[in-house]
Amino acid sequence: MGYRVVVVGATGNVGREMLNILAERQFPVDELAVLASRKSKGTECSFGDKTVKTEDLDTFDFTGWDIALFAVGSEATQQYAPIAAKAGCVVIDNSSLYRYDPDVPLIVPECNPDDIEQYSKKNIIANPNCSTAQMVVALKPLHDRAKIKRVVVSTYQSVSGSGKDAMDELWNQTKGMYVPGQEVEPSVYPKEIAFNVIPHIDVFMDSGDTKEEWKMVAETKKIVDPAIKVTATCVRVPVFVGHAESINIEFEDHLDEDEAREILREAPGIMVVDKREDGGYITPKECVGEFATYISRIRQDSTIDNGINLWCVSDNLRKGAALNAVQIAELLGRRVLKKG
Ligand code: 2RA
């Protein structure tokens, strides 16, 4: 016996990946409902070798449904997630709305699976920000071995993190550079993204950090350890799918690069691709469609006592969003709902 599963926001980048991953991982779905806004009602969505028509989120009754994977913005989540949760359907939310709520567990199954026990306070579980998810999968096993003091991370985030319109903007701007008269002005981003990088993701805060950078700090503390100091610079790059991160880690205890590499090779959810030769590292193009978080360029940082540098790449629509959400559903099934 399996679960009655709802995917909310099934026509967006993340919603579509949730459906793909539910099918690829053969999650025990007895019945599936795919919801979208009224304007998308009736849109056909692929689920494995089947197609399912979207229903109207506004009129949907969540009663009797087991799990709802939410892949909509915070505004729609605020309106509908409490309705689903109150109807007894466990919400796994990919928006940022509940991530910092002390009554809502923020889960990366490879890092803090036991925290899922707290889900019943609001019947809601939060999925982390994409740039956080891939980073903490690498940090957690290293932290367990040598206690992390401080993390300095620079991200290189693909445009799919901003949605389909941003992917279209990159495509059209790039094309417009070669086709006279087809130049495309920036609209999704404040500046051109084609052949450019933009050091600005989400809104600016009074501190001068952007909200994206604040999220990486706050979420790493909630998922791994509140004592870890994190500073982040989040950059948008002209890549369609796949986030990359340059991560510098300072430990309390000594950890040499070979031991760090072995720990990461053994860690859940990680694939180490790390040879000091041409092509001996992973790039965003190679991670697309994969489940793994890839780690390369593992090396000592000789400027501090206990420092390691590494390169971290993952499909932001998968481990950064849809895969982590489905893994939470799998964990919920194993630990709590126990069907399937
Ligand atoms: C981004 N992390 O990359 C944000 C939201 N997905 O745009």
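Just so you know, these numbers use all the heavy atoms, side chains as well, and skip hydrogens, waters and symmetry mates. Just follow the structure's listing: the first ligand is 1, and inside any ligand the first atom is 1.
Distances below 4.0 Å separate heavy atoms of His243 from the following atoms of ligand 1: 3 (O). Of all atoms in ligand 1, listed by their number and element, those nearer than 4.0 Å to a heavy atom of Cys130 are 2 (N), 3 (O), 4 (C), 6 (N). Of all atoms in ligand 1, numbered sequentially from 1 with element shown, those under 4.0 Å from a heavy atom of Asn129 are 2 (N), 4 (C), 5 (C). Atoms of ligand 1 found under 4.0 Å from any heavy atom of Gln157 (numbered from 1 in listed order, with element): 1 (C), 2 (N), 3 (O).
A donor-acceptor pair shorter than 3.5 Å cannot be found between the side chains of Asn316 and Gln157. For the residue pair Ser131 / Glu245, no side-chain donor-acceptor distance below 3.5 Å is found, with atom types taken as modelled. No side-chain donor from either of Thr132 and Arg99 sits under 3.5 Å from a side-chain acceptor of the other.
Scanning the protein for heavy atoms near atom 6 (N) of ligand 1, the closest one is Gly161 O, 3.1 Å. Closest protein heavy atom to atom 2 (N) of ligand 1: Glu212 OE2, 2.5 Å. The closest protein non-hydrogen atom to atom 7 (O) of ligand 1 is Arg236 NH2, 2.6 Å.
For the residue pair Phe291 and Leu323, the shortest heavy atom distance occurs at O-CD2, 3.3 Å.
When heavy-atom distances to ligand 1 are checked against a 4.0 Å cut-off, Lys215 has no atom that comes that close, whether in backbone or side chain.
Below 3.5 Å of separation, one finds no N or O of Ser131 facing any N or O of ligand 1.
Phe27 and Tyr3 have their aromatic ring centers within a separation under 6.0 angstrom.
Salt-bridge annotation for Asp315 and Lys319: absent, with no side-chain N of the basic residue lying under 4.0 Å from a carboxylate O of the acidic one.
Residue Tyr100 is tested with Lys222, Lys215, Glu219 for a side chain to side chain donor-acceptor pair (under 3.5 Å); the sole match is Glu219.
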